[in-house]
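Proteins come first, then strands; the chains are lettered A, B, ... in the order of their sequence lines, and each starts at number 1.
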Protein chains: 2
Amino acid sequence: MGATKSLEFSMDENRLAKYAKALAHPARIAILKLLASKQTCICGDLVEELPLSQSTVSQHLKELKEAGLIKSTIDGVKVCYCIDEQEWKLAQIWINQLFDSKNNCNECC
Amino acid sequence: MGATKSLEFSMDENRLAKYAKALAHPARIAILKLLASKQTCICGDLVEELPLSQSTVSQHLKELKEAGLIKSTIDGVKVCYCIDEQEWKLAQIWINQLFDSKNNCNECC
DNA sequence: ATTATTTATCGTAATATTGCGTTAGATATG
DNA sequence: CATATCTAACGCAATATTACGATAAATAAT
């Protein structure tokens, strides 16, 4: 036992969980904040700004990329990362849809 | 190795990651959707609506509670769960702050 | 008082995540 | 060509998460 029972849940629920998972680590939040504010988004620069080794940062970048939130282009030896605007907006919309679905019935408990 | 280096990151980053972590499983999304839409929020009802055992649901509820997103009151043998409105709103604000921090510089890569 | 119902907790197994050193492969630079 | 730089991927160890059955503790019902 222990495998997550993702398939028992809806696509919507899984999609939201996927985005949330990508955000579920302070290092990845830090990376996204850097990418959101900076022009420069070279991998090496990110490594310098974070208290983690190159290999660990690379792994976090991979997860963010797999979640769709960032993309990358190769520039010589270097790799440039940045936020995927489309997916970024979509994620925000989906997350807000959950938060806004709260009814206004106060004090059911 | 393997312990998360949370302390190396800012409080803001950790707080956001904490909320995201709470949302990072389809079962917990499903629970929150149920609580957001329903009046009834008795634990047993949630167990019936979810494809998970009672003990697993209980564990997910505990995590949501520890993240602050839900609260509970005891009603006899039963326990009533519901969304903590204050924290719910806060979480939404913090998450949107991250998404909105994206600059408009397109195509840095 | 006994029994049933409800939920949290404990213990355990399976998986997943986090983190790093090291290596490999690719492009630069001398 | 040889060497330096940059990043992804591999392998490993430490932790954390997910899931469940079984049990315990508390209240309700008979």
Distance check: side-chain N/O of B:His60 vs OP1/OP2 of D:dA19, anything under 4.0 Å? yes
OP1 or OP2 of D:dA19 sitting under 4.0 Å from any side-chain N/O of A:Thr4? yes
For residues A:Trp94 and A:Tyr19, establish whether the separation of their ring centroids is below 6.0 Å. no
Please check the phosphate of D:dA8 (OP1 and OP2 only) for any side-chain N or O of A:Tyr81 closer than 4.0 Å. yes
Remember a base hit wins even if backbone is also touched, and classify B:Leu52 as base, sugar-phosphate or nothing at under 4.0 Å, heavy atoms. sugar-phosphate
Within this structure, what is the CG-to-C1' distance between A:Leu61 and D:dA9, rounded to whole angstrom? 14 Å
Would you please confirm or rule out a distance under 4.0 Å between OP1 or OP2 of D:dC20 and any side-chain N or O of B:Thr56? yes
Presence of A:Lys5 side-chain N/O under 4.0 Å of D:dC20 phosphate oxygens OP1/OP2: yes
Find the distance B:Glu66:CD to D:dT18:P and express it as a whole number of Å. 12 Å
Rounded interatomic separation in angstrom, taking NZ from A:Lys78 and C1' from D:dC6: 8 Å
Nearest-nucleotide comparison on DNA chain D, the residue closer to the 5′ end among B:Ala24 and A:Ser58: A:Ser58
Separation of atom CD1 in A:Ile70 from atom C1' in D:dA8, rounded to whole Å: 13 Å
Base of C:dG19, side chain of A:Ser53 - is there a donor-acceptor contact under 3.5 Å? no
What distance do A:Tyr81 atom OH and A:Thr73 atom OG1 have between them, rounded to the nearest 0.5 Å? 10.0 Å
Check whether the side chain of B:Ser55 and the base of D:dG21 form a donor-acceptor pair under 3.5 Å. yes
With distance as the sole criterion, do the side chain of B:Gln54 and the base of C:dA8 form a donor-acceptor contact below 3.5 Å? yes
Applying the Watson-Crick and G-U criteria (both distances under 3.5 angstrom) with [ ] for crossing and | for other-strand pairs, one obtains for DNA chain C ||||||||||||||||||||||||||||||
In whole angstrom, give the distance that lies between atom CG of B:Leu64 and atom C1' of D:dT17. 14 Å
Round to the nearest Å and state the distance from B:Asp75 atom CG to C:dT5 atom P. 18 Å
Side chain of B:Cys43, heavy atoms from C-beta onward: which of C:dA26, D:dA8, C:dA8 has the nearest atom to it? C:dA8
With a non-hydrogen cut-off below 4.0 angstrom, is B:Ile42 in contact with a base, only sugar-phosphate, or nothing? sugar-phosphate
Judged by each residue's nearest nucleotide on DNA chain C, which is more toward the 5′ side, A:Ile74 or B:Ser6? B:Ser6
Are B:Leu34 and B:Ile42 linked, directly or through other ILVMFWY residues, by side chains that come within less than 4.5 angstrom of each other? no
How do A:Lys21 and A:Pro51 order along DNA chain C: which one's closest nucleotide is nearer the 5' end? A:Lys21
Test ring pair (Phe, Tyr, Trp, His ring centres under 6.0 Å) applied to B:Phe9 - qualifying residues, sequence neighbours left out: none
Between atom CE of A:Met11 and atom CG of A:Leu16, what is the distance when rounded to the nearest 0.5 Å? 12.0 Å
B:Lys62 NZ to D:dA19 C1', in whole Å, measures 15 Å
Let me know the distance between CD1 of A:Ile31 and C1' of C:dG19, rounded to the nearest Å. 13 Å
Do A:Ile83 and A:Leu69 make a side-chain contact, defined as non-hydrogen atoms from C-beta onward lying under 4.5 Å apart? no
Return yes if a side-chain donor-acceptor contact under 3.5 Å exists between A:Asp12 and A:Gln97, otherwise no. no
With a 4.5 Å cut-off on side-chain heavy atoms, are A:Asn14 and A:Leu7 touching? no
